[in-house]
Chemist: 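Handing you a structure now.
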Protein chains: 2
Amino acid sequence: MKIQAAIDRVTLDEAQALSKKLDPYVDIIELGTSLPKDYGVFALQDIQEQLTHAEMLYDLKTIDEGDYEFTQGYRSGADILTVMGASSKATIEKCLKVAKDCHKQAMIDLMEVDDEKLAEIADFPEAIYCLHHSQDAGRDTNPAGTVAAFHEKYPHLPHIAIAGGVDLESTRALADQGLAEIVIVGSKLVKTPDPVQSAIEFQEAKQ
Amino acid sequence: MKIQAAIDRVTLDEAQALSKKLDPYVDIIELGTSLPKDYGVFALQDIQEQLTHAEMLYDLKTIDEGDYEFTQGYRSGADILTVMGASSKATIEKCLKVAKDCHKQAMIDLMEVDDEKLAEIADFPEAIYCLHHSQDAGRDTNPAGTVAAFHEKYPHLPHIAIAGGVDLESTRALADQGLAEIVIVGSKLVKTPDPVQSAIEFQEAKQ
């Protein structure tokens, strides 16, 4: 299981400094949507280029123009890019095609995707499906339960990421469960007084 | 009826030059999603500041974190920002609250919004509802027919924008119809050999 540290709503300089510090201690560094939207993907390449260990994810939240946005994102250094499950299926297919052509990965963000739409887009076993609750909706989350329910319904989709309210305890539960490939941790890792120490604790929790 | 010229998939310098040229001849300049995503909203402010006539729209396509993205967008000079209708209702409400607080406007992009979701988010008469077909879906469009169908179903929503395949002929039809407040024109205005001349023709078509 990989630990993905989500850096968001900071300046470009802060994102650069934090990425460099966390690089040896996490598996994936996510630059949250505020960073591409405030500074643009071109500006993010400098941050990616300094990484020596972690993979780089830009949370683009593409919802249209899949071809263009994914091409720009991978060119600017991302290993993984995100597309909204709420996009048209054609958009998702375009994103996955660009990912394949670039030998990179695509993550489908299932925020605000209902069961009907999910069934329609559940035939991409190469994609990472990100179970995720909107930050604005403010619902309670039970990460391991959410993953179990998804896996039961879609056992043919092997790449599962889970975001939203993940702490050390739920990371342990997810590691024991063995279904999620990626746990996405935000404030509970990057907004603590010592993010490196927090990252080490999350790595220990997943053992 | 306002003519909105959508500038997209060009460099920042090209967007700046084209915005300046079109400013006197269109009502709204849209910087399409590629511009905030490639360069970030902070970089767009220089373009907005040179406008003397047209309003400025950044096509942010916000789908989460409505508070943050709309605050950043208006601070960076936008008069109008876009939020996806496919967002949670809470996200749309947050965007509209920021718009109101900043005395600016918000546009709800109805791409990939089905009838059920539309009914759920059809109670914001202050918002501009943008009828829009995904560029990836490749469907045929009949702008005036699309507007008429929307108006019949939601007569209490007075602010309608229409995008996708709008040409001079459909602009005339939309002007005669008198329902749409904004017509969004992309390649048929900005990608012609003489965009200023094209803008003048669109302004004549709406008379």
Side-chain angles (χ1 to χ4, degrees), chain A residues 8-9 11-12 32-44 58-73 75-76 81-95 97 109 111-114 116-117 120-121 132-139 163-164, chain B residues 8-9 11-12 32-44 58-73 75-76 81-95 97 109 111-114 116-117 120-121 132-139 163-164:
Chain A
D8 207 11
R9 302 194 186 195
T11 68
L12 198 61
T33 313
S34 71
L35 286 149
K37 283 206 174 167
D38 285 348
Y39 299 98
V41 290
F42 296 160
L44 305 183
Y58 301 159
D59 190 16
L60 283 188
K61 290 194 165 62
T62 291
I63 187 134
D64 193 22
E65 311 183 40
D67 242 343
Y68 182 87
E69 292 194 5
F70 267 47
T71 301
Q72 298 292 80
R75 271 191 196 149
S76 305
L81 294 170
T82 61
V83 55
M84 300 309 295
S87 310
S88 73
K89 191 168 183 180
T91 295
I92 296 172
E93 284 167 346
K94 288 187 184 193
C95 291
K97 166 116 187 19
D109 186 326
M111 188 171 62
E112 290 299 310
V113 170
D114 60 20
E116 192 187 346
K117 182 66 191 266
E120 188 197 320
I121 60 167
H132 176 96
H133 295 261
S134 164
Q135 294 198 23
D136 288 334
R139 299 168 198 141
Chain B
D8 207 11
R9 302 195 186 196
T11 67
L12 198 61
T33 313
S34 71
L35 286 149
K37 283 207 174 167
D38 285 349
Y39 300 99
V41 289
F42 295 160
L44 305 183
Y58 301 159
D59 190 15
L60 282 189
K61 290 193 165 64
T62 291
I63 187 135
D64 193 22
E65 310 184 42
D67 242 344
Y68 182 87
E69 293 194 5
F70 267 47
T71 301
Q72 299 292 81
R75 271 191 196 150
S76 304
L81 295 170
T82 61
V83 55
M84 301 308 297
S87 311
S88 73
K89 191 168 183 181
T91 295
I92 297 172
E93 284 167 346
K94 288 188 183 192
C95 291
K97 166 119 188 14
D109 187 326
M111 188 170 63
E112 292 299 310
V113 170
D114 61 19
E116 192 186 345
K117 182 69 192 261
E120 188 196 320
I121 59 166
H132 175 94
H133 294 261
S134 164
Q135 294 198 24
D136 288 335
R139 300 167 197 141

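Note that the coordinates shown come from a computational prediction; the quantities given were computed from them, not determined experimentally. Every chain is numbered from 1, with letters handed out A, B, ... down the list of sequences.
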Chemist: Counting heavy-atom pairs under 4.5 Å to chain A, which of B:Val113, B:Asp109, B:Leu60, B:Leu44 comes out on top?
Modeler: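 The candidate making the most pairs under 4.5 Å is B:Leu60.
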Chemist: What part of B:Thr62 gets within 4.5 angstrom of chain A, counting heavy atoms only: side chain, backbone, both, or neither?
Modeler: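 Contact with chain A: backbone and side chain both.
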Chemist: Which heavy atom of B:Asp64 sits nearest a heavy atom of A:His132, and at what distance?
Modeler: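 Looking at all heavy atoms of both residues, the shortest contact is OD2-NE2, 4.2 Å.
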Chemist: Does a side-chain heavy-atom distance below 4.5 Å link B:Arg9 with A:Glu65?
Modeler: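 When only atoms from C-beta onward are counted, A:Glu65 and B:Arg9 do touch, with a gap below 4.5 Å.
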Chemist: Go through B:Thr33, B:Asp38, B:Asp114 and name the one with the most non-hydrogen pairs under 4.5 angstrom from chain A.
Modeler: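 Of the options given, most contacts go to B:Asp38.
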Chemist: Only pairs of heavy atoms separated by less than 4.5 Å count here; which of B:Ser76, B:Ala43, B:Pro36 has the most with chain A?
Modeler: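 The option with the most such pairs is B:Pro36.
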Chemist: Any idea which heavy atoms bring A:Glu112 and B:Ser87 closest together, and the distance?
Modeler: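 Minimum heavy-atom separation between A:Glu112 and B:Ser87: CG-C, 3.9 Å.
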Chemist: Compare every heavy atom of A:Lys61 with every heavy atom of B:Lys37, then report the nearest pair and how far apart it is.
Modeler: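 Minimum heavy-atom separation between B:Lys37 and A:Lys61: NZ-O, 3.5 Å.
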